[in-house]
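Data block below; observations after.
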Amino acid sequence: FIEKGETLAIVGESGSGKSTIFSLIERFYEQDKGNIYYEGIDVRNIPMNDWRGKIAYVQQESPIMSGTILDNLTYGLDSYNEKNVLSALEKAELNRFISSLPKGYNTDVGEQGVKLSGGQKQRIAVARALIRNKPILILDEGTSAIDMQTAYDIENRLLKMGNLTLITI
């Protein structure tokens, strides 16, 4: 049971079912037993698009496309608010990195983000998720390529958001 705005960490050995729990939460398949509730409603009673519209997901292998950092942050959005982008960059600990680039977030990342490190890709994925402002953020080893101190700083910033329910492996 996790309340709105709380954090749940799922830990266990490889093969213990952590990713399966995420798949159940996201309704990639329905559970055989038990229930998953959101604000008192069984998620099976929430239309699939509405339910998935409440979830932002960051996976261990964060996809990056050709284009700029900003293109990757706002991919799929019809519009965005620059204030939200800057706030997400701060929470994902990307400010220093982006400010060091001559073109800032308009810097080209290369084919599949070849010009970025694994940790930079993951931080972009975290910022991308935050820009979408969903009430639930799922991190499936979403900070595994980030150094421990930066990952700690990011998670502390996420915890301070208050309105965000964070589920992490």
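Because only heavy atoms are used, hydrogens play no part in the values below, and waters and symmetry mates are left out as well, while side chains stay in.
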Open item on the list: I'd like to check K121 versus L116 (side-chain heavy atoms, cut-off strictly below 4.5 Å). Are they in contact?
Closed with: yes

Task: L24 and I36, any side-chain heavy atoms less than 4.5 Å apart - done: yes

Open item on the list: Using 0.5 Å steps for rounding, measure from the OG1 atom of T68 to the OH atom of Y105.
Closed with: 9.5 Å

Task: Between S87 and N84, a side-chain donor and acceptor under 3.5 Å - done: no

- [ ] Show the numbers, then the answer: is there a side-chain contact (heavy atoms from CB on, under 4.5 Å) between I25 and I138?
- [x] CA-CA 10 Å; I25 291 170; I138 296 177; 4.0 Å; yes

- [ ] Heavy atoms only: give me the nearest V58-A125 pair and the separation to one decimal.
- [x] CG2-O, 3.6 Å

Task: Joint cluster assignment, Y152 & F97, ILVMFWY side-chain distance < 4.5 Å - done: no

- [ ] Check whether any side-chain heavy atom of S19 sits under 4.5 Å from a side-chain heavy atom of D140, and report yes or no.
- [x] yes

Open item on the list: Just by distance, no angles: are the side chains of T150 and E93 close enough, under 3.5 Å, to form a donor-acceptor pair?
Closed with: no

- [ ] Determine, using the 4.5 Å side-chain heavy-atom cutoff (strictly less than), whether V126 and Y75 are members of one ILVMFWY cluster.
- [x] no

- [ ] Considering non-hydrogen atoms only, spot the tightest contact between W51 and R27 and give its length.
- [x] CD1-CD, 3.5 Å

Task: Joint hydrophobic cluster, V109 plus Y80, side-chain heavy atoms closer than 4.5 Å - done: yes

Task: Residue pair I131 / A88: nearest heavy atoms and the distance that separates them - done: CG1-CB, 3.5 Å

- [ ] State yes or no: do Y57 and F28 share one hydrophobic cluster built from I, L, V, M, F, W and Y residues joined by side-chain heavy-atom distances below 4.5 Å, directly or via other members?
- [x] yes

Open item on the list: Between E13 and S16 (side chain of the first, backbone of the second, donor and acceptor by atom type, cut-off under 3.5 Å), is there such a pair?
Closed with: no

TODO: Using a strict 4.0 Å threshold on nitrogen-to-oxygen distance, state whether R52 and E26 make a salt bridge.
DONE: no

Open item on the list: Please give me the minimum heavy-atom distance between L94 and A127, naming the atom from each residue.
Closed with: CD1-CB, 4.1 Å

Open item on the list: Once rounded to the nearest 0.5 Å, what's the spacing between atom CD of Q120 and atom CD1 of I98?
Closed with: 9.0 Å

Open item on the list: Within the 4.5 Å heavy-atom criterion, are R157 and E90 side-chain neighbours or not?
Closed with: yes

Open item on the list: Let me confirm one number: the NZ-CG distance from K91 to N156, rounded to the nearest 0.5 Å.
Closed with: 13.5 Å

Open item on the list: Treating Q59 as the side-chain partner and E61 as the backbone partner, does any N or O pair qualify as donor plus acceptor under 3.5 Å?
Closed with: yes

- [ ] For the residue pair L137 and I167, establish whether any side-chain heavy-atom pair is separated by less than 4.5 Å.
- [x] no

TODO: Measure the shortest side-chain to side-chain distance between E6 and T165 over non-hydrogen atoms and say whether it is less than 4.5 angstrom.
DONE: no

Task: Minimum heavy-atom distance between F22 and I169, given as atom pair plus value - done: CE1-CG1, 3.3 Å

Task: Residue pair L158 / L139, side-chain heavy-atom distance below 4.5 Å - done: yes

Task: Closest heavy-atom pair and its distance - L164, K134 - done: CD1-O, 3.5 Å

Open item on the list: With a 6.0 Å cut-off (strictly less than), is the heavy-atom count around CG of N35, excluding the residue itself, greater than 12?
Closed with: yes

Task: Min side-chain heavy-atom separation M65-P63 under 4.5 Å - done: no

Open item on the list: Within this structure, what is the CD1-CD distance for the pair I154 and Q149, rounded to the nearest 0.5 Å?
Closed with: 10.5 Å

Open item on the list: Within a 6.0 Å radius of atom CD on E30, are there more than 12 heavy atoms belonging to other residues, nucleotides or ligands?
Closed with: yes

Open item on the list: For V85, run the side chain to side chain contact (heavy atoms under 4.5 Å, CB included) check against T74, I69, L130 and tell me which one passes.
Closed with: T74

- [ ] Starting at CZ of R128, measure out to CG of N72 and round the result to the nearest 0.5 Å.
- [x] 5.5 Å

Open item on the list: Please say yes or no: joined through hydrophobic side-chain contacts below 4.5 Å, possibly via intermediate residues, are I55 and Y29 part of one cluster?
Closed with: yes

TODO: Drop me the distance from I41's CD1 to I46's CD1, to the nearest 0.5 angstrom.
DONE: 5.0 Å

- [ ] Could you go through the side chain to side chain donor-acceptor pair (under 3.5 Å) check for E111 and S66 one step at a time?
- [x] CA-CA 5 Å; E111 187 73 29; S66 297; 3.1 Å; yes

